[in-house]
Amino acid sequence: MAMRSMRKACGCRSFIRALHKGPEAAQTPQKDAVKRVFSGIQPTGIPHLGNYLGAIEAWVRLQEEHGLVLYSIVDLHSITVAQDPALLQQSILDMTAVLLACGINPEKSILFQQSQVPEHTQLSWILTCMVRLPRLQHLHQWKAKIATQKHGGTVGLLTYPVLQAADILLYRSTHVPVGEDQVQHMELVQDLAREFNKKYGEFFPVPRSILTSMKKVKSLRDPSAKMSKSDPDKLATVRITDSPEEIVQKFRKAMTDFTSEVTYEPARRAGVSNLVAIHAAVAGLPVEEALRLGAGMDTARYKLLVADAVIQRFAPIKREIEKLKMDRSHLEKVLQVGSAKAKELAHPVCQEVKKLVGFL
Ligand SMILES: Nc1ncnc2c1ncn2[C@@H]1O[C@H](COP(=O)(O)OC(=O)[C@@H](N)Cc2c[nH]c3ccccc23)[C@@H](O)[C@H]1O
């Protein structure tokens with residue numbers, strides 16, 4: 001059944017070609033002609049402009065182009081740092097509402113809850129036994145995250161990228177739309193796929209990252225850093241559900257420089273260039289057109305134009321989120337159905353892996 005569903009996944013490749021792929025992606029030979037797309041998002045916190053432009057927007061387009069597309073709400077990943085159980089339950093449903101409101105269509109892609117498919121943790125254990133400790137200790141995100149944790153962080157936080165590898169490989173995925181912050185994790189996934197194939201015979205395709213032109217949306221308060229859910233400065237991050245007033249305030253306070261003209265020079269003028277990139281992306285314009293609209297404005301006025309474009313873009317999504325959140329049983333049903341479909345795909349792959357590894 002799994003292989004039959006996977007074979008259906010072909011479709012046109014134009015969108016994938018149109019997206020910028022990272023260098024590691026371009027160099028990876030891809031023997032597998034069938035495209036299988038997988039990605040995930042942590043349920044904790046409301047998605048922000050970075051999640052939306054760097055990942056979710058691409059997810060929506062990819063489900064139009066490919067037969068087998070899976071998106072997972074990765075609740076197992078979220079407990080690598082402390083969570084309140086009641087809040088986590090609510091966050092999983094809220095994230096379901098957000099993804100549906102953004103355009104994820106459960107008829108076109110499989111939207112599911114990671115913990116409902118136990119094969120993720122089973123494959124994760126097998127892969128964990130193939131990774132050397134220093135490989136995980138050298139990853140940027142581990143180093144950044146332990147700096148914020150008491151007592152050095154949990155073992156789960158350390159092995160988090162191996163679970164991510166299991167998520168992807170479990171569906172023998174070929175393409176993974178992610179933001180730039182996940183590229184190092186993707187290199188680990190690619191290495192694990194190659195190593196597994198070398199040891200047990202050709203089994204996993206080596207998955208490629210798909211990066212959009214908005215692969216790193218910067219913090220509004222520090223354009224040298226990425227926009228992040230966990231930024232302690234509330235003005236740094238624009239969430240999908242922010243009110244128009246909050247959005248205006250955040251853009252007003254966005255860090256730029258002492259030049260008032262609006263230009264796009266990411267290396268020299270990171271702050272204003274981040275605004276131009278956001279403007280172009282949310283308004284669906286080329287950067288040149290966004291610059292033309294900002295011509296003659298000073299940065300203070302341009303910030304309001306960008307804020308307005310973001311407000312317009314998020315307004316219908318916000319309305320839809322509110323509507324969806326009123327029907328809890330619908331959200332639960334979507335996850336239930338999606339998780340059953342994912343399990344149907346995951347089970348035979350996991351069984352094959354177990355056999356290859358030598359389990360009876
Ligand atoms: N400032 C930003 N600019 C551009 N893109 C950004 C920005 N911030 C976040 N992203 C992207 O949003 C997606 C979800 O983020 P998460 O932190 O939940 O994403 C994470 O924590 C993953 N470990 C979840 C995961 C678990 N298993 C997977 C398997 C495949 C892909 C992803 C996963 C990601 O694509 C992330 O790159």
Side-chain angles (χ1 to χ4, degrees), residues 19-20 22 25 36-60 62 69-81 91-92 94-95 98-99 102 104 112-115 117 120-121 123-124 127 139-142 144-145 156-157 159-171 173-190 192-193 207-231 236-240 270 274 277-278 281-282 342 346:
L19 290 169
H20 168 73
R36 293 184 292 269
V37 176
F38 182 96
S39 200
I41 188 163
Q42 296 200 53
T44 41
I46 301 290
H48 51 71
L49 259 174
N51 300 129
Y52 183 72
L53 298 175
I56 300 170
E57 208 190 26
W59 294 10
V60 173
L62 284 165
V69 179
L70 292 108
Y71 298 128
S72 184
I73 296 176
V74 293
D75 49 357
L76 294 170
H77 277 99
S78 68
I79 61 159
T80 54
V81 296
S91 304
I92 292 166
D94 288 352
M95 182 57 77
V98 169
L99 293 176
C102 286
I104 298 302
F112 75 102
Q113 188 185 339
Q114 184 192 32
S115 65
V117 184
H120 285 251
T121 42
L123 181 57
S124 177
L127 299 176
L139 294 172
H140 304 317
Q141 280 209 0
W142 161 251
K145 280 187 180 165
L157 192 59
T159 57
Y160 172 115
V162 187
L163 178 59
Q164 181 159 344
D167 297 341
I168 295 165
L169 298 180
L170 190 54
Y171 302 94
S173 314
T174 57
H175 290 82
V176 184
V178 282
E180 191 178 66
D181 60 339
Q182 298 302 320
V183 164
Q184 208 187 26
H185 290 163
M186 283 303 296
E187 284 164 6
L188 177 73
V189 183
Q190 290 161 347
L192 276 168
R208 303 172 176 203
S209 308
I210 299 177
L211 301 176
T212 71
S213 59
M214 295 302 283
K215 59 184 186 279
K216 186 173 177 183
V217 177
K218 317 283 183 355
S219 151
L220 291 189
R221 299 293 288 166
D222 173 8
S224 68
K226 69 166 183 175
M227 187 174 283
S228 154
K229 276 184 198 162
S230 54
D231 198 316
T237 304
V238 176
R239 294 170 307 172
I240 291 182
N274 189 36
I278 290 172
V282 295

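Quick note: numbers below take in every heavy atom, side chains included, and nothing from hydrogens, waters or symmetry partners. Atoms within a ligand are numbered from 1 in the order they appear, just like the ligands themselves. Count residues from 1 along the sequence.
The shortest N or O to N or O distance between E180 and ligand 1 is not under 3.5 Å. An N or O contact shorter than 3.5 Å is missing between G40 and ligand 1 by distance. Distances between N or O atoms of M227 and those of ligand 1 include at least one value under 3.5 Å. For ligand 1, the polar-atom distance check finds no N/O of S39 at less than 3.5 Å from any of the ligand's N/O atoms. Taking only nitrogen or oxygen atoms, main chain and side chain alike, V178 does not reach within less than 3.5 Å of ligand 1. Where the criterion is an N or O separation shorter than 3.5 Å, residue side chain and backbone included, K226 fails it with respect to ligand 1.
Ligand 1 places these atoms under 4.0 Å from at least one heavy atom of G54: 4 (C), 5 (N). The distance from ligand 1 to the heavy atoms of Q42 drops below 4.0 Å at these ligand atoms: 18 (O), 21 (O). Close contacts between ligand 1 and A55 involve ligand atoms 12 (O), 13 (C), 35 (O) [criterion: under 4.0 Å to a heavy atom]. Of all atoms in ligand 1, listed by their number and element, those nearer than 4.0 Å to a heavy atom of V176 are 30 (C), 31 (C). Residue Y160 has at least one heavy-atom neighbour below 4.0 Å for each of these atoms of ligand 1: 20 (C), 21 (O), 22 (C), 23 (N).
Between D231 and T237, the side chains place no donor N or O within less than 3.5 Å of an acceptor N or O (distance only, hydrogens not considered). Looking only at atom types and distance, the side chain of H77 has no donor-acceptor partner in the side chain of Q164 under 3.5 Å away.
No side-chain heavy atom of R208 sits under 4.5 Å from any side-chain heavy atom of V176. Put simply, the side chain of V217 does not reach to within 4.5 Å of the side chain of K226, judged on heavy atoms. Put simply, the side chain of L123 reaches to within 4.5 Å of the side chain of L169, judged on heavy atoms. Residues S173 and V37 form no side-chain contact, since every pair of their non-hydrogen atoms from C-beta on lies 4.5 Å or further apart. Here the side chains of N51 and K229 are in contact, with some heavy-atom distance below 4.5 Å. With a 4.5 Å cut-off on side-chain heavy atoms, P47 and Y52 do not count as touching.
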Can you list the steps and then say if Q114 with I73 is a side chain to side chain contact (heavy atoms under 4.5 Å, CB included)? CA-CA 6 Å; Q114 184 192 32; I73 296 176; over 6 Å; no
Q182 and Q184: CA distance, side-chain angles, deciding distance, side chain to side chain contact (heavy atoms under 4.5 Å, CB included) verdict: CA-CA 6 Å; Q182 298 302 320; Q184 208 187 26; over 6 Å; no
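Looking only at distances, a side-chain donor or acceptor of Y71 sits under 3.5 Å from a matching main-chain atom of W59. Not one N or O on the side chain of S78 forms a donor-acceptor pair closer than 3.5 Å with the backbone of Q42.
The part of I168 lying near ligand 1 is the side chain, judged by heavy-atom distances below 4.0 Å. When heavy-atom distances to ligand 1 are checked against a 4.0 Å cut-off, H77 comes that close only through its side chain, counted from C-beta outward. The part of M214 lying near ligand 1 is the backbone, judged by heavy-atom distances below 4.0 Å. Only the side chain of D181 comes within 4.0 Å of ligand 1, judged by heavy-atom distances. Using a 4.0 Å cut-off between heavy atoms, D167 contacts ligand 1 through its side chain alone, with no backbone atom that close. Under 4.0 Å from ligand 1, the heavy atoms of K215 that appear belong solely to its backbone. Only side-chain heavy atoms of V74 come within less than 4.0 Å of ligand 1; its backbone N, CA, C and O stay farther off. The residue L49 has no part lying near ligand 1, judged by heavy-atom distances below 4.0 Å.
In this structure, H48 counts as a contact residue of ligand 1, since one of its heavy atoms falls inside 4.0 Å of the ligand.
Rounding to the nearest 0.5 Å places OG1 of T174 at 7.5 Å from CD1 of I210.
Counting non-hydrogen atoms of neighbouring residues, nucleotides and ligands closer than 6.0 angstrom, the CG atom of L139 exceeds 12 such neighbours.
Looking only at heavy atoms of the protein, atom 6 (C) of ligand 1 is closest to G50 O, 3.4 Å. Ranking protein heavy atoms by distance to atom 10 (N) of ligand 1, first place goes to N51 ND2, 3.7 Å. Among all non-hydrogen protein atoms, the one lying nearest atom 3 (N) of ligand 1 is V217 N, 2.9 Å.
Among M95, Q164, Q182, the residue whose heavy atom lies closest to atom 33 (C) of ligand 1 is Q164.
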